[in-house]
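Here the structure is laid out as structure tokens; the discussion comes afterwards.
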Number of protein chains: 2
Amino acid sequence: MPINIWMVEDNSRYRKSLVAVINNTPGMYCDQAFSACEEAFDAMEVEAHPDVILLDIGLPGMSGIKGIQKFKSYAPDVHIVILTIYEDNDTVFDALCEGASGYLLKDSTQDKIVDSIREVLAGGAPLNMRIAQKVLQLFSKIKIKRDTNYGLTEREKEILQYIVAGLTKQQIADKIFLSFHTVNTHIKNIYKKLQVTTKAAVVSKAFNENLFKAGN
Amino acid sequence: MPINIWMVEDNSRYRKSLVAVINNTPGMYCDQAFSACEEAFDAMEVEAHPDVILLDIGLPGMSGIKGIQKFKSYAPDVHIVILTIYEDNDTVFDALCEGASGYLLKDSTQDKIVDSIREVLAGGAPLNMRIAQKVLQLFSKIKIKRDTNYGLTEREKEILQYIVAGLTKQQIADKIFLSFHTVNTHIKNIYKKLQVTTKAAVVSKAFNENLFKAGN
DNA sequence: CTGAATATACCACGAACGTGCGATTGATTA
DNA sequence: TAATCAATCGCACGTTCGTGGTATATTCAG
């Protein structure tokens, strides 16, 4: 059966042009196109749900970002592909967190957009080249932090885990069969190495710098 | 100038086959191919550095994952494209964190691999369809957590920030011009809402559940 | 108008924490 | 062999925290 596509895009020229392209492509059709999320929500109440929604972000009324979840509440399995001019980190990040299945930029060719519709239904995640690069950069940022060990010993790392877990010094001592004083000493040493002075700060630093994972 | 490509792949048939394809492609060449990272490191010491390294993960000796950073230490600007059969979450995640510029699976067509080499040099991030999907799923997981606000008020969120930053109650009071007692009360309420009993636990929960960002 | 929620403020007490000392043992390394 | 480091244990003091109360002003929805 042909792919049912909806489109939400306030630029009528761009919208009409792309709708025409889709309707001239075998295997897919777009009979619903809107200039605002609100109109599309009304249609979701009465029409058969689409397979894919091509969604702009810079819209009058509700933004595409907020619209993602709303569309998903109507049709949990719908694939939402963002099609926008925005490529700043925050917008991309927010859209992906909201559950977009793909992210294209409007400078994409019409062929690329049509291909992406097929790709998302095949279980893929069409991403513009520059968007994919941004996404990967987010990962490598995580790594940088994970390298700084602060020279914690094994025992100290172990105790660090329990601090993060929220145990008191006495509870930690009981857990690993040490005296309260020993735990106290270890924690003092952890403070020196991490250059902090409270448990809350240790937890904060531990998360910010990914002081977990045994390896390295 | 043509693209200089190296390859690290222990399956000699696959390696030779792909090297041949690359060398038959105008604009790129592969004159160095290895069956282990260690061999490639030796070559990095004496040969001109490549533009792109196609790197397997399941290798004898050092794994491709650990190899990524090592290659980057020789040539910080080299683009490393993973080419492997592994597509489990941990492997993908680790590779991207280490700084891979792309991630392909070995069932990719040779055309796709050649295209990806060009794409990565054009500033893109070639990802296999299924890998891209995994990556996007990681983002939507973040979102789920961010929804659970625990009904914190604006004031409480504000104070939460300072707790995470490691300030004492008195310091927080001074910072936002409130009495110590008021801050104390707010923190008590935060504890009730988050169901914790210590500052360390608050910090832990705040990080684990992304209790940041004002939006929603 | 009337609760409910929010923000503000105060007090007191015991528990937990942070810190400055000192000390012994065993393993590793220079 | 001497020195360093990790791990263990100990005490004392002042500070901060967590928790049980109580109370007032404001705002906002029912």
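Lettering follows sequence order; numbering is per chain, from 1.
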Whole-Å distance, K157(B) NZ to dT6(C) P, equals 11 Å

Taking C-beta and beyond as the side chain, do M7(A) and Q32(A) meet within less than 4.5 Å on heavy atoms? no

**Study point:** Pair E39(A)-S35(A), side-chain donor/acceptor within less than 3.5 Å
**Key:** yes

In whole angstroms, the gap separating C1' of dG18(C) from CD1 of I172(A) amounts to 14 Å

D94(A)-T91(A) side chain donor-acceptor pair, cut-off 3.5 Å: no

The nucleotide from dC10(C), dA7(D), dC9(D) with an atom nearest the side chain of H181(B) is dC10(C)

| Can a cation-pi geometry be assigned to K70(A) and F41(A), taking NZ or CZ under 6.0 Å from the six-membered ring centre and within 45° of the ring axis? | yes

- Message: With a 4.0 Å limit, can you tell me whether T182(B) has a side-chain N or O closer than that to the phosphate oxygens OP1/OP2 of dT8(C)?
- Response: no

Here the distance between atom C1' of dA9(C) and atom CD1 of I159(B), to the nearest Å, is 13 Å

Quiz item: Taking atom types as modelled, is there a side-chain donor on E45(B) or Y74(B) under 3.5 Å from an acceptor on the other?
Solution: yes

Picking from dT6(C), dA7(D), dC9(D), the nucleotide nearest the side-chain atoms of H186(A) would be dA7(D)

Donor on one side chain, acceptor on other, T182(B) and S179(B), under 3.5 Å
yes

Separation of dC5(D) atom C1' from R155(A) atom CZ, nearest Å, is 16 Å

Of dA7(D), dC9(D), dC10(C), the nucleotide closest to the side chain of E154(A) is dA7(D)

Separation of dT6(C) atom P from E156(B) atom CD, nearest Å, is 7 Å

I190(B) CD1 to dT6(C) P, in whole Å, measures 13 Å

When rounded to whole Å, the CD1 to C1' distance for the pair I163(A) and dG18(C) reads 12 Å

request  = Give a yes or no on whether K193(B) atom NZ has more than 12 heavy-atom contacts from other residues, nucleotides or ligands under 6.0 Å away.
outcome  = yes

Separation of dA9(C) atom C1' from D174(B) atom CG, nearest Å, is 15 Å

B/S/- along nucleotides 14-25 of chain D (protein heavy atoms under 4.0 Å) is --SSBBBB----

*Can you tell me if the side-chain N/O atoms of S179(B) get under 4.0 Å from OP1 or OP2 in dT8(C)?*
no

